[in-house]
Amino acid sequence: MPELPEVEVVRTGLEPAVTGARVTGVEVVEPRSLRRHLAGALDFERRLTGRRLTGAVRRGKFLWLPVEPAAGEAPVAVLGHLGMSGQLLLRAPDAAPDRQLRVRITLEHPEHGDLVVAFADQRIFGSLALDRLVLTADGAPGGLGASSPLVPEHVAHIARDPLDPAFDDDGFVDRLMRRRTGLKRALLDQTLVSGIGNIYADEALWAARLHYAVPTGSLRKPAVRRLLAETRSVLERALADGGTSFDAQYVNVNGASGYFSQRLHAYGQQGKPCARCGTPIVREAFMNRSSHLCPRCQKVPTPR
DNA sequence: AGCGAGCCCTGCGCGC
DNA sequence: TGCGCGCAGGGCTCGC
């Protein structure tokens with residue numbers, strides 16, 4: 001569900017609330033949400049309680065809250081992934097519990113007082129964990145919002161995303177052209193470029209007028225650069241609109257929806273006229289999910 | 001290297 | 001009204 005713009009909306013919402021705040025309590029309601037924290041829910045609660053958080057950082061669809069380092073301890077962060085249905089919500093301590101509440105973290109902020117970070121998740125594909133921070137391969141900050149070149153161990157293999165100031169455009173173009181696969185597969189490969197999911201892959205391909213099965217090796221550099229520019233553009237516009245919400249599933253930290261669903265040109269638009277040429281958008285099964293495209297603007301690549 | 005299948009889950013809308 | 005089915009924004013691991 002949440003892709004880069006939605007997760008970035010959550011990050012910017014959390015940042016002022018968690019930066020400088022001290023964890024006064026941790027309650028794991030659903031242990032399965034701690035699946036990625038191998039030492040278990042109790043260990044998570046014990047090790048996090050009492051610690052101070054220093055910010056909110058994002059790379060792709062991963063989000064983490066660095067923990068103020070303790071003497072003699074390796075640096076760690078609270079790592080979160082929303083999966084298909086996860087939410088991070090800011091609540092008052094006395095607020096009624098959210099539906100599908102999985103983890104509850106109470107904070108004491110020097111200026112904002114007591115507040116709760118509630119992790120809600122219908123499908124439990126998302127997770128929280130305490131993860132060790134390791135040095136980034138390129139020496140640049142770990143992600144958007146980071147002040148140091150550190151990244152959680154479980155995120156180290158994920159590529160930077162197109163909104164990261166340290167994203168390497170030339171490196172991306174070269175690596176994509178060396179791949180031997182289709183364009184949409186490449187866009188969805190988080191180790192090549194991160195943050196793009198099914199919605200924004202379809203939107204970026206529609207904007208670039210490229211079919212999802214176009215072989216990565218068949219494009220020339222300028223075409224790949226255009227695809228990257230269109231991808232970045234759609235991510236930025238979605239972020240400006242607060243993300244894509246089809247229902248109450250995706251919301252910001254205050255529970256509010258984003259409005260980009262009104263500006264989608266391909267995803268979920270099957271049967272509606274293409275905004276460029278009027279041809280009805282079609283939906284096709286691809287990679288065990290749906291792909292949406294304009295059959296006229298996005299021609300099937302001719303096999304050879 | 002690339003790719004498909006299986007798995008981790010809940011809940012909604014639809015057709016019968 | 002009830003039931004089964006397909007579908008949903010993600011990602012990890014395994015085996016070919």
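A, B, ... follow the sequence lines: proteins, then strands. Residue 1 opens every chain. All heavy atoms count here, side chains included; hydrogens, waters and symmetry mates do not.
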Practice task
Sort out for me which residue in A/R52, A/R22, A/R51 forms a side chain to side chain contact (heavy atoms under 4.5 Å, CB included) with A/E68.
Solution key: A/R52
Fill in the blank from the handout: Taking Watson-Crick and G-U wobble contacts under 3.5 angstrom, with | marking pairs to another strand and [ ] crossing pairs, the secondary structure of DNA chain B is written .|||||||.|||||||
Handout entry: side-chain hydrogen bond (donor to acceptor under 3.5 Å, both in side chains) partners of A/H154, counting only residues at least two apart
Key = A/D131
Completion exercise
Which of A/N252, A/N254, A/V251, A/V253 passes side chain to side chain contact (heavy atoms under 4.5 Å, CB included) with A/L89? Answer is A/V251
Handout entry: Over 12 foreign heavy atoms within 6.0 Å of CZ, A/R296
Key = no
Fill in the blank from the handout: From CG of A/D131 across to C1' of C/dG11 the rounded distance in Å is 15 Å
Problem - Atom pair distance, as rounded to whole Å: CZ in A/R123 and P in C/dA8 - result: 10 Å
Problem - Pair A/K184-A/S291, side-chain donor/acceptor within less than 3.5 Å - result: yes
Exercise for the section: Please determine, by modelled atom types, if A/T106 and A/T24 share a side-chain donor-acceptor pair under 3.5 angstrom. Expected result: yes
Practice task
Look at A/D98 together with A/R91 and state whether they make a salt bridge at an N to O cut-off of under 4.0 Å.
Solution key: yes
Problem - Distance, rounded to the nearest Å, where A/I199 contributes CD1 and C/dA8 contributes P - result: 11 Å
Exercise for the section: May I ask you to list the residues of residues 231-248 of chain A, by number, that have any heavy atom positioned under 4.0 Å from an atom of DNA chain C? Expected result: A/T244, A/S245, A/F246, A/D247
Handout entry: Sole residue of A/Y267, A/Y259, A/Y200 in side chain to side chain donor-acceptor pair (under 3.5 Å) with A/T244
Key = A/Y200
